[in-house]
*Asks:* 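One structure, pasted below without further comment.
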Amino acid sequence: MSHPESPEQSKAKKQTRLQSVKGMNDVLPVEGIHWENLEVMLREWLTSYGYRLIKTPVLEPTSLFRRGIGEVTDIVEKEMFSFVDRLNGDELTLRPEFTAGIARATIQHNLTYAAPQRVYSMGPVFRHERPQRGRYRQFHQLDVEALGFAGPDIDAELIVMLSRLWREMGLEDVRLEINCLGEAPERLAHRQALITYFEAHAELLDEDAKRRLHSNPLRILDTKNPTMQDMVNGAPRLSEFLGAESIAHYQGVKRLLDDAGVRYIENPRLVRGLDYYNLTVFEWITDALGTQGTICGGGRYDGLIEVLGGKPTPAIGFAIGLERLLELYLEVNQPDDTADLDVYVVHQGEGTSRRAFTLAEELRDAGFAVVLHAGGGGFKSQMKRADGSGAAVAVILGENELNAGTAAVKVLRGESKQEEFKQEGLAEAIFGLLYGEGEES
Ligand code: ATP
Ligand code: MG
């Protein structure tokens with residue numbers, strides 16, 4: 001006998017109901033199709049530029065990110081999911097980005113020993129940020145790295161490659177911002193000038209800025225604080241400190257972008273969040289996604305691999321935020337969201353289920369994608385499932401068909417028609433029914 005739940009009981013049940021971790025999303029099957037299609041599109045595009053897959057662990061030693069991203073960055077200061085493995089005391093961190101892990105793997109396996117490498121990786125990354133539209137605690141990136149190339153041709157290749165992707169995806173309103181960060185000595189001279197300038201305007205600095213004044217004054221230029229904007233706009237520009245080689249590199253990138261017809265906005269304020277960047281940095285931004293409009297960011301990091309203990313290895317890469325890219329793509333396109341299914345097999349009656357099982361395998365042998373109805377039910381309810389499945393045809397097997405060695409085939413999309421065929425050669429018959437007459441008698 002069952003009693004109605006008391007309010008206490010139902011409250012207790014609610015409290016124990018298991019939920020995903022805040023800011024970490026499930027991708028349900030209806031969205032899964034879009035993710036799959038996106039990944040197929042991306043892999044084709046990457047292959048067409050010769051990029052090859054690399055996979056590194058989701059967990060890395062915390063020290064890798066501290067050294068590889070920089071102590072005084074948003075990520076390392078406040079966004080990492082770090083913990084101590086209670087079984088052995090190891091300090092571990094869920095990767096907040098791919099580059100450090102790929103750089104580690106490059107060193108560990110001497111990856112660029114014989115030749116430079118074009119690699120990509122795709123998967124979840126983790127940052128402890130305030131969840132909102134376009135900003136999650138687990139999100140996905142496509143990360144692309146060109147290791148062992150000094151550029152500027154490779155810098156331009158990466159950017160041109162991205163512009164092709166947007167074009168192929170039908171995304172028109174994505175703008176490109178670029179900047180040149182120069183080399184360490186140039187940045188150092190600029191940094192000194194910045195500190196002097198900010199010290200002269202100390203009364204306008206907020207807490208964040210004061211804290212960063214000596215550790216990372218460059219990041220003060222990134223401030224979103226409106227009361228600091230005018231002062232920051234008047235700060236010394238890095239471009240005034242660039243030497244001939246940096247300028248030549250930057251000109252080289254821009255010339256190739258011009259040749260390719262890729263438009264860009266030069267943004268001297270673009271510094272990007274990570275410590276290790278030099279020379280070329282860039283971002284692709286859209287206004288169609290609200291405030292989280294950056295869908296891709298990248299840059300050169302010639303010093304990183306050496307900082308992590310490897311041989312000096314020039315390199316450049318970028319990361320695309322896939323949630324943001326997918327949202328933008330779905331806004332612009334109405335992609336097909338039906339499953340890629342050919343046949344739904346409906347069966348009822350004693351003995352037919354056994355035959356349906358083997359018949360479905362025969363159809364798969366012939367190359368069809370087939371769902372065999374499971375869970376019983378009458379023809380009517382099974383046909384409803386078939387209709388909802390997105391399959392091109394239903395193959396119907398009842399007692400009569402079983403005895404006659406036939407199967408009924410009903411076309412589910414477009415003009416509806418139904419015909420009966422011999423079970424032998426059924427795949428060819430379905431093919432003929434769907435794609436035209438002629439081949440079969
Ligand atoms: P933002 O300024 O938006 O915080 P970021 O500079 O921290 O971006 P990158 O480290 O360059 O971002 O990461 C590359 C891309 O990953 C971003 O351009 C964005 O599309 C995406 N991204 C970054 N953080 C998140 C997040 N918390 N949730 C979803 N996507 C993100
Ligand atoms: Mg960020």
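Heavy-atom basis, side chains included; hydrogens, waters and symmetry copies ignored. In this chain, residues are counted from 1 in sequence order. Atoms within each ligand, like the ligands themselves, are counted from 1 in listed order. It should be emphasised that the depicted structure is a prediction, and the values quoted were computed from it without experimental measurement.
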*Asks:* Find all atoms of ligand 1 within a distance of less than 4.0 Å from any non-hydrogen atom belonging to A319, and give their numbers and elements.
*Replies:* 14 (C), 15 (C)
*Asks:* Under a heavy-atom criterion of less than 4.0 Å, does E323 contact ligand 1?
*Replies:*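 No heavy atom of E323 comes that close to ligand 1.
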*Asks:* Which ligand 1 atoms does R127 reach within 4.0 Å, using its non-hydrogen atoms?
*Replies:* 5 (P), 7 (O), 9 (P), 10 (O), 12 (O), 13 (O), 23 (C), 24 (N)
*Asks:* Under a 3.5 Å cutoff, is there a donor and acceptor pairing between the side chains of Y264 and D258?
*Replies:* yes
*Asks:* Can you name the side chain to side chain contact (heavy atoms under 4.5 Å, CB included) partners of A100, sequence neighbours left out?
*Replies:* L64, F65, E97
*Asks:* Only heavy atoms of I295, strictly under 4.0 Å: list the atoms of ligand 1 that pass.
*Replies:* 18 (O), 20 (O)
*Asks:* Would L162 and F282 count as a side chain to side chain contact (heavy atoms under 4.5 Å, CB included) if you check the C-alpha gap in whole Å, the side-chain angles of each, and the deciding distance to 0.1 Å?
*Replies:* CA-CA 11 Å; L162 284 159; F282 57 89; 3.8 Å; yes
*Asks:* Is ligand 1 less than 4.0 angstrom away from at least one heavy atom of R135?
*Replies:*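 R135 counts as a contact of ligand 1 under the 4.0 Å cut-off.
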*Asks:* State plainly whether the residues D155 and R255 are in salt-bridge range, i.e. N to O under 4.0 Å.
*Replies:*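 R255 and D155: not salt-bridged.
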*Asks:* So does R211 pair up with D208, basic N to acidic O under 4.0 Å?
*Replies:*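 Answer for the salt bridge query: yes.
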*Asks:* Looking only at non-hydrogen atoms, which of Y136, F98, F139 approaches atom 31 (C) of ligand 1 most closely?
*Replies:* F139
*Asks:* Please indicate whether any nitrogen or oxygen in E283 is less than 3.5 Å from any nitrogen or oxygen in ligand 1.
*Replies:* no
*Asks:* Test: ring-ring contact (aromatic ring centres under 6.0 Å, His included). Region: residues 190-213. Which pairs qualify, not counting sequence neighbours?
*Replies:*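 Listed by first then second residue: H190-F241, Y197-H201.
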